[in-house]
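In what follows, a structure is listed as structure tokens, so that the remarks can point back to it.
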Amino acid sequence: MIRLVLAVLLSLAGAASADTQGKIQPDPASPCGDGDFKRHELCFGTPKDGIARAEYLSEPFYAVILKTAERCAIAEEERLQAQALFPRDKVFSMRFQCDDDIEEKISYTNVNDRFGFLAVYAGRTAKEANVRLAEVKATGRFPGANVRRMQARLVYP
């Protein structure tokens, strides 16, 4: 009986967490929310229910890490140059806690926060990500490119 109760509770917790993850909006031409996101951020749906939270996560996705650099070292111009290579999928960079900007609210899971990165959205599946990785490598511009499964994280002020 206890096992059944635990199984039900775990399945309910899993269902609840799936409903509380924002859907990624990977098209760089689509507007993101009500100005909630900056040009260098991968945007995703956020709750509008007024409930206080410390953070909110996007759905899991794959990205191809194009470049890793010192924290805060990747300029917007470099991101825009990479975006021109991949016009249908968002190129994003990590700027969380850069320049003492309290408006930077987006970080990412499964990365080392001591470094910055430049990445392109690569899909919801490993298969999609591997296709994107092959496209990235074919450009010859990002020799250390690699696939990473991650989530975008909105940190509330």
*Indicate, with yes or no, if F86 and M94 share a hydrophobic cluster defined by side-chain heavy-atom contacts under 4.5 Å among Ile, Leu, Val, Met, Phe, Trp and Tyr.*
no

Min side-chain heavy-atom separation L85-F142 under 4.5 Å
yes

Could you check if a side-chain atom of Y62 sits within less than 4.5 angstrom of a side-chain atom of L133, using non-hydrogen atoms only? no

(Q) Could you check whether any side-chain N or O of N146 sits under 3.5 Å from a backbone N or O of G144, counting only pairs where one atom can act as donor and the other as acceptor? (A) yes

Rounding to 0.5 Å, atoms CD (E135) and CG (N130) come to a distance of 11.5 Å

* Would you say Q21's side chain and L57's backbone share a donor-acceptor pair under 3.5 angstrom? -> no

Smallest heavy-atom separation, C98 atom then R71 atom, equals SG-NH1, 4.4 Å

Original post:
After noting the C-alpha distance and the side-chain angles of R39 and R79, does the key distance pass the side-chain contact (heavy atoms from CB on, under 4.5 Å) rule?
Top reply: CA-CA 10 Å; R39 294 177 61 183; R79 188 196 69 79; 3.9 Å; yes

Minimal heavy-atom distance between S58 and F44, with the atoms involved, is CB-CG, 3.6 Å

Any side-chain to backbone donor/acceptor pair from Q83 onto V91? Under 3.5 Å, distance only. yes

dist I106:CD1 -> S93:OG (nearest 0.5 Å) comes out at 12.0 Å

Please set out all donor-acceptor pairs under 3.5 angstrom arising from side-chain atoms of residues 111-121, sequence neighbours excluded.
from, atom 1, to, atom 2, distance (Å)
N112, OD1, R114, N, 2.9
N112, OD1, R114, NE, 3.3

Taking side chain as C-beta onward, heavy atoms only, is I65 less than 4.5 Å from M150?
yes

Sorted by chain and number, sequence neighbours left out, salt bridge (charged side-chain N to carboxylate O under 4.0 Å, His left out) with R149 holds for none

So do the side chains of F96 and V155 get within less than 4.5 Å of each other, counting heavy atoms only?
yes

Would you confirm whether Y108, through its side chain, and L42, through its main-chain N or O, come within 3.5 Å as a donor-acceptor pair? yes

Only residue of E55, E41, R153 satisfying side chain to side chain donor-acceptor pair (under 3.5 Å) with S107 is R153

Heavy atoms of T46 and F37 approach each other most closely as CG2-CZ, 4.0 Å

*Would you check, one step at a time, whether the test side-chain contact (heavy atoms from CB on, under 4.5 Å) holds for T125 with F61?*
CA-CA 7 Å; T125 68; F61 64 93; over 6 Å; no

Less than 4.5 Å apart, any side-chain heavy atom of C72 and any of R95? yes

Answer yes or no: is there a side-chain heavy-atom contact under 4.5 Å between R124 and E59? yes

Classify the side-chain pair K137/T139 by whether it contains a donor and acceptor separated by less than 3.5 Å.
-> no

- Message: For A84, is there any backbone N or O sitting under 3.5 Å from a side-chain donor or acceptor partner on Q81?
- Response: no

Note to self: I'd like to know if D27 pairs up with K90 as an ion pair, taking the criterion as any Lys NZ or Arg NE/NH1/NH2 lying under 4.0 Å from an Asp or Glu carboxylate oxygen.
What the structure shows: no

